[in-house]
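In listed order, ligands and their atoms are each counted from 1.
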Amino acid sequence: MNRRPARRMARSALIAVVLGALALTTACTSRAEEAAASSTGFPAHATIGVALPDKTSENFAIAGRLFTQGLAAEGYSPDVQYAPATNTVPEQQNQIESMITNGAKVIIIGAKDGRQLSTQLADAKKAGAVVIAYDRLILNTRDLDYYVAYDNERVGELQGQALLDGMKAKNPGRSSYNIELFAGSPDDNNSSVFFGGAMKVLQPKIDDGTLHVVSGQTAFKQVTTQGWLAQNAQSRMDTLLAGFYTSVQLDGVLSPNDTLARAILQSVSTAGKPYPIVTGQDSEADSVKSIMAGIQYSTINKDTRKLVAEAIRMVDELQQGKKVDVNDTTSYDNGMKLVPTFLLPPQLVTRENAAQSYQNDPILEPLTRR
Ligand code: BGC
């Protein structure tokens, strides 16, 4: 055990008091962060708000159930709300405001639009509530306390690499491939992060001629999918196939998630064309089935149970007035501050490693039995 002499303890305690007083008088701008970091805790039955976006993928539907059960099991009063599909941003803003009014001590937010919550976060801060961004970073505010997510840039890198590897494995000996690119909704900060990660891998291969984006649509704003909606991806794929692939073979499609991957594959199938290599994300049950059937090529395992557990662990630490454990304090600049972050590692899943990747998942594991 590390016991320091009492005199040194007394001296360091004094220094801490002096530094604390100095910080109080001088460091106005960092007061909010310090208050969050050295919270004195709150009652164990406190209200915890969870504001999730509209259910554009299975993971958010699963997260809502897990938050409700997990927070209640720890004795908190959970207030879990989803933004509805229409009027989504103002509705989510209202939901967060009512959580603040209802005295929530922590508000966990999966943002619909991470650029439009500054007023709500400022109100939360004034009311003394701690705000945790869940899965999607919240931008342009100093009032965000923590971020908990899978490493989303890594998700993109894994998708880009899977697209390349899948096409090579399917077409041994070929040296060039025709591809198309899809990204998520432009209002979700993650969309550009996934796309940026994938392009780190793909851009050099486009530049050296290995990959040919036949439509020429390579800029983020040309390839986004408004609202993460399947029908938007499907109709863009329909247009691409009709416009560029009547006499050319499509070898691969970068898809940012499983919902869009299945829409893209649906479009290809309706057009009567052979399936290209298509990536995905989220490990949605229908996509895992498709991967096992040899149709969709890959997905990403971002186990929602682990992400929700880390968010609840942060709530517990705050409740007990403990320091919140984070593992990244340098990567996530939201435009106003570096946000203390807890990141989890995503895992690429193909037919080859699906059984092993989902071995602890009672819903997905049975789908991988061949
Ligand atoms: C999440 C993805 C999800 C997408 C659409 C993203 O922010 O990280 O897992 O597929 O939103 O809901």
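Taking CD of Gln92 as the reference point, atom CG of Asp54 lies at 8.5 Å (rounded to 0.5 Å). In this structure, Asn301 CG and Leu344 CG are separated by 11.0 Å, a value rounded to the nearest 0.5 Å. Note that CG of Asn59 and CG of Asp135 are 6.5 Å apart. Values are rounded to the nearest 0.5 Å. Rounding to the nearest 0.5 Å places OG of Ser215 at 9.0 Å from CD1 of Ile179.
Contact annotation: Phe194 has at least one heavy atom less than 4.0 Å from an atom of ligand 1. No heavy atom of Lys55 sits closer than 4.0 Å to any atom of ligand 1.
Follow the hydrophobic side-chain contacts under 4.5 Å out from Val130 and you reach Leu52 in the same cluster.
At the top of the distance list for atom 3 (C) of ligand 1, counting protein heavy atoms only, stands Ser57 OG, 3.4 Å.
Proximity to Lys302 (heavy-atom distance under 4.0 Å) selects the following atoms of ligand 1: 1 (C), 2 (C), 8 (O), 9 (O). Within ligand 1, the atoms closer than 4.0 Å to a non-hydrogen atom of Arg136 are 4 (C), 5 (C), 6 (C), 7 (O), 11 (O), 12 (O), numbered from 1 in the order shown. Using a 4.0 Å cut-off to heavy atoms of Asp135, the atoms of ligand 1 that qualify are 1 (C), 6 (C), 7 (O), 8 (O). Those atoms of ligand 1 that come under 4.0 Å of a heavy atom in Asp282, given as number and element, are 2 (C), 3 (C), 9 (O), 10 (O). Heavy-atom proximity to Phe60, at under 4.0 Å, picks out these atoms of ligand 1: 11 (O), 12 (O).
Phe194 does not carry Arg154 over the face of its six-membered ring by the limits of under 6.0 Å from the centre and within 45° of the normal.
With distances taken over non-hydrogen atoms, the option nearest atom 6 (C) of ligand 1 out of Asp188, Asn189, Leu229 is Asp188.
Contact annotation: for Asn59 versus ligand 1, heavy atoms closer than 4.0 Å belong to the side chain alone. Counting heavy atoms closer than 4.0 Å to ligand 1, residue Tyr150 contributes nothing at all.
Remark: the backbone N or O of Phe60 is paired with a side-chain donor or acceptor of Tyr82 at under 3.5 angstrom.
Residue Thr56 has at least one nitrogen or oxygen atom sitting less than 3.5 Å from a nitrogen or oxygen atom of ligand 1, judged on distance alone.
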Check: Could you go step by step and tell me if Tyr134 and Phe67 meet the ring pair (Phe, Tyr, Trp, His ring centres under 6.0 Å) rule?
Finding: CA-CA 12 Å; Tyr134 172 84; Phe67 272 121; 5.3 Å; yes
